[in-house]
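Okay, structure first, notes after.
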Amino acid sequence: MPRHEFRPGRAVAGLTMLGLAGGYAADAAGAWDAPWAFFLPLFLGGLWLAATVTWVAYRVRRRREARKASAENTVAPAIANGSHAIR
């Protein structure tokens, strides 16, 4: 049993930040000469992708939980004649 559930949006955000850090390190070391404006779209695109992945994962998890709850609810209701009147 896993200790915590997997959060793919956080993984994408972390990989984006690691990539940006590697790019900045290469630029600082002189191995790569990139303008600062190159990193801005990568940063915003990475955050957008992480948000999209988080939203999709949320929707999948919510749908899976709803399907599981409906499968567990197979017992007949307390009053089977269709009357909902309180007595």
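No single ILVMFWY cluster, assembled from side-chain heavy atoms under 4.5 Å apart, contains both Leu42 and Leu15. Put simply, Leu49 and Val60 are part of two different groups of oily side chains (I, L, V, M, F, W, Y) that touch within less than 4.5 Å, one to the next. The hydrophobic cluster containing Leu44 also contains Met17, counting ILVMFWY residues as joined when their side-chain heavy atoms lie under 4.5 angstrom apart, directly or transitively.
For the pair Phe38/Trp32, a side-chain contact is recorded, criterion being any heavy-atom separation below 4.5 Å from C-beta on. At a threshold of 4.5 Å between non-hydrogen side-chain atoms, the residues Phe43 and Thr16 do not count as touching.
Among residues two or more places apart in sequence or in another chain, the salt bridge (charged side-chain N to carboxylate O under 4.0 Å, His left out) test is passed with Arg7 by Glu5.
Taking each heavy atom of Pro41 and Ala37 in turn, the nearest pair found is CD-O, 2.9 Å. Across Ala50 and Gly9, no two heavy atoms sit closer than the pair CB-O, 3.5 Å.
Expressed to the nearest 0.5 Å, how far CG of Leu40 lies from CG of Leu20 amounts to 10.0 Å. Rounded to the nearest 0.5 angstrom, Arg61 CZ and Thr54 OG1 are separated by 9.0 Å. Expressed to the nearest 0.5 Å, how far CZ of Arg62 lies from OH of Tyr58 amounts to 4.0 Å.
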